Amino acid sequence: MTTVPIPEDWPATEEQARAVQEELRARLVLDEIGPPPGTGHVTGVDVAYDDERDLVAAAAVVLDAASLAVVAEATAVGRISFPYVPGLLAFRELPAVRAALDALPCPPGLVVCDGYGLAHPRRFGLAAHLGVLTGLPTIGVAKNPFTFTYDDPGAPRGSMSPLVAGAEEVGRALRTRDAVKPVFVSAGHRVSLDNACAHTLALTPAYRLPETTRRADARCRRALREAVRAA
DNA sequence: GCGACAG
DNA sequence: ATCTTGTCGC
């Protein structure tokens, strides 16, 4: 387990945070397909909080993309860097996520975020932001449609429908298990939406949520309990 | 102005 | 995200 550093230039206000998003958005790479599913590494990242004690814990869990076996993992614990504000989630989660990724003993490959990438008010959600900061290929898989709309996909696993903002397709509602509520996939950095959906299906052989996020969620919660116990 | 709103 | 009991089902 490592410690989370809060960057010196981290925004202190929502105003500054929004300005950072507008600026970094220009560096987002959207013309790459990304790595093919089932090869190399796939890494899940997630964060847990204890607002009372001002504690944050993040985990990065690396899976072998073919077998979905855990290859490596790392955790980071520190202080909360930003409040939760819809549209500014990245400023709350990124310092901890980056610290966990930096502590990994091997390359993460594709990174799967718990949240959105392009599907965002300014088209620069958590996954897009993480991708620009690290250069890594990233995608976002969220549990809720946020402010976007969609038509319910067909019942069979693999069915999908566009997640839209007005007339723009910002992501996709993807059914990962038969007749179970869909997940909401969006491209992050250097990965196409089609490929992001293919990866999500490859990561959901048994549950609604990707194995990457399930593993990372369990791991960061444990790291948080241990940090609370020690504090 | 009011309500909704990833995690 | 987090607070929380039982309960239905494989």
Side-chain angles (χ1 to χ4, degrees), chain A residues 4 11 14 17-18 20-21 25 28 44-61 75-100 111-132 138-150 163-166 168-174 176-189 193 196 200 205-210 212-229:
Chain A
V4 179
E14 300 183 20
R18 277 186 282 268
V20 169
Q21 291 180 329
R25 182 174 59 171
L28 195 58
V45 292
D46 196 16
V47 186
Y49 302 90
D50 184 325
D51 287 286
E52 297 299 298
R53 298 186 172 81
D54 187 27
L55 283 176
V56 59
V61 180
T75 58
V77 173
R79 306 292 234 173
I80 297 175
S81 57
F82 207 84
Y84 171 66
V85 179
L88 300 178
L89 177 65
F91 296 94
R92 181 167 170 83
E93 307 218 325
L94 279 182
V97 166
R98 292 199 67 178
V111 179
V112 181
C113 294
D114 192 5
Y116 284 117
L118 271 189
H120 177 273
R122 287 166 294 282
R123 306 294 177 266
F124 200 70
L126 174 63
H129 200 146
L130 177 64
V132 166
T138 60
I139 68 173
V141 180
K143 300 182 280 297
N144 299 293
F146 199 14
T147 61
F148 306 104
T149 59
Y150 67 100
L163 183 67
V164 300
E168 183 181 358
E169 181 183 29
V170 295
R172 216 162 273 164
L174 174 64
T176 54
R177 307 299 304 161
D178 289 352
V180 170
K181 174 179 175 172
V183 297
F184 303 90
V185 180
S186 56
H189 186 60
L193 178 55
T200 302
Y207 298 95
R208 175 187 176 232
L209 298 180
T212 38
T213 41
R214 290 170 42 79
R215 279 346 229 276
D217 179 75
R219 195 61 193 82
C220 71
R221 289 194 198 208
R222 182 157 72 93
L224 182 63
R225 316 195 303 261
E226 293 168 350
V228 169
R229 147 181 298 195

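Predicted model, so just to flag it, every value in this text is computed and none were measured. Just so it is clear: chains get the letters A, B, ... in the order the sequence lines come, proteins before strands, and each one is counted from 1.
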**OP:** Choose from C/dA1, B/dA6, B/dC5 the nucleotide whose nearest atom is closest to any side-chain atom of A/T147.
**Re:** B/dC5
Original post:
Would a distance-only check, ignoring hydrogens and angles, find a side-chain to backbone donor-acceptor pair under 3.5 Å from A/T213 to A/L209?
Top reply: no
Original post:
Does A/R123 use its side chain to pair, donor to acceptor, with the backbone of A/H120 at less than 3.5 Å?
Top reply: yes
Subject >> Distance in angstrom units between A/R53 CZ and C/dT2 P, rounded >> reply: 13 Å
**OP:** In whole angstrom, give the distance that lies between atom OH of A/Y207 and atom P of C/dC10.
**Re:** 15 Å
Original post:
Distance-only, no hydrogens or angles: does the A/N144 side chain make a donor-acceptor pair with backbone N or O of A/F146 under 3.5 Å?
Top reply: no
Original post:
Does A/V47 offer a backbone N or O that forms a donor-acceptor pair with the side chain of A/R221 under 3.5 Å?
Top reply: no
Original post:
When we call it a touch if two heavy atoms are under 4.0 Å apart, what does A/D46 touch: a base, just sugar-phosphate, or nothing?
Top reply: sugar-phosphate
**OP:** Rounded off to whole Å, could you give me the CZ-to-C1' distance for the A/F146 and B/dA4 pair?
**Re:** 9 Å
Original post:
Which part of the nucleic acid, if any, lies within contact of A/G140, taking any heavy atom under 4.0 Å across all strands shown: a base, the sugar-phosphate backbone alone, or nothing?
Top reply: nothing
**OP:** Tell me which nucleotide among C/dA1, B/dC5, B/dA6 gets nearest to the side chain of A/L126.
**Re:** B/dA6
Subject >> Interatomic distance where CZ belongs to A/R122 and C1' belongs to B/dA6 [whole Å] >> reply: 12 Å
Subject >> Integer-rounded Å distance: B/dA6 P and A/Y116 OH >> reply: 8 Å
Original post:
Roughly, in whole Å, what's the span from CZ in A/R92 to C1' in C/dA1?
Top reply: 7 Å
**OP:** Classify the nucleic acid contact of A/A48 as base, sugar-phosphate or nothing, counting any heavy atom under 4.0 Å across all strands shown.
**Re:** sugar-phosphate
**OP:** Answer yes or no: does a side-chain N or O of A/K143 lie under 4.0 Å from OP1 or OP2 of B/dA6?
**Re:** no
Original post:
Is the side chain of A/T138 donor-acceptor paired with the backbone N or O of A/G188 at a distance under 3.5 Å, no angle test?
Top reply: no
**OP:** Indicate, with a heavy-atom threshold strictly under 4.0 Å, whether A/L94 touches base, sugar-phosphate, or nothing.
**Re:** nothing
Original post:
Does a side-chain N or O from A/R221 land closer than 4.0 Å to OP1 or OP2 of C/dA1, or not?
Top reply: yes
Subject >> Distance in angstrom units between A/F91 CZ and B/dC5 P, rounded >> reply: 22 Å
**OP:** Kindly confirm whether the side-chain ring of A/Y84 is stacked on the base of B/dG7, judged by centres under 5.5 Å and planes under 30°.
**Re:** yes
Original post:
How close or far is atom C1' of B/dA6 from atom CZ of A/F148, stated in whole angstroms?
Top reply: 9 Å
Subject >> Residue-phosphate contact under 4.0 Å: A/N144 side-chain N/O, B/dC5 OP1/OP2 >> reply: no
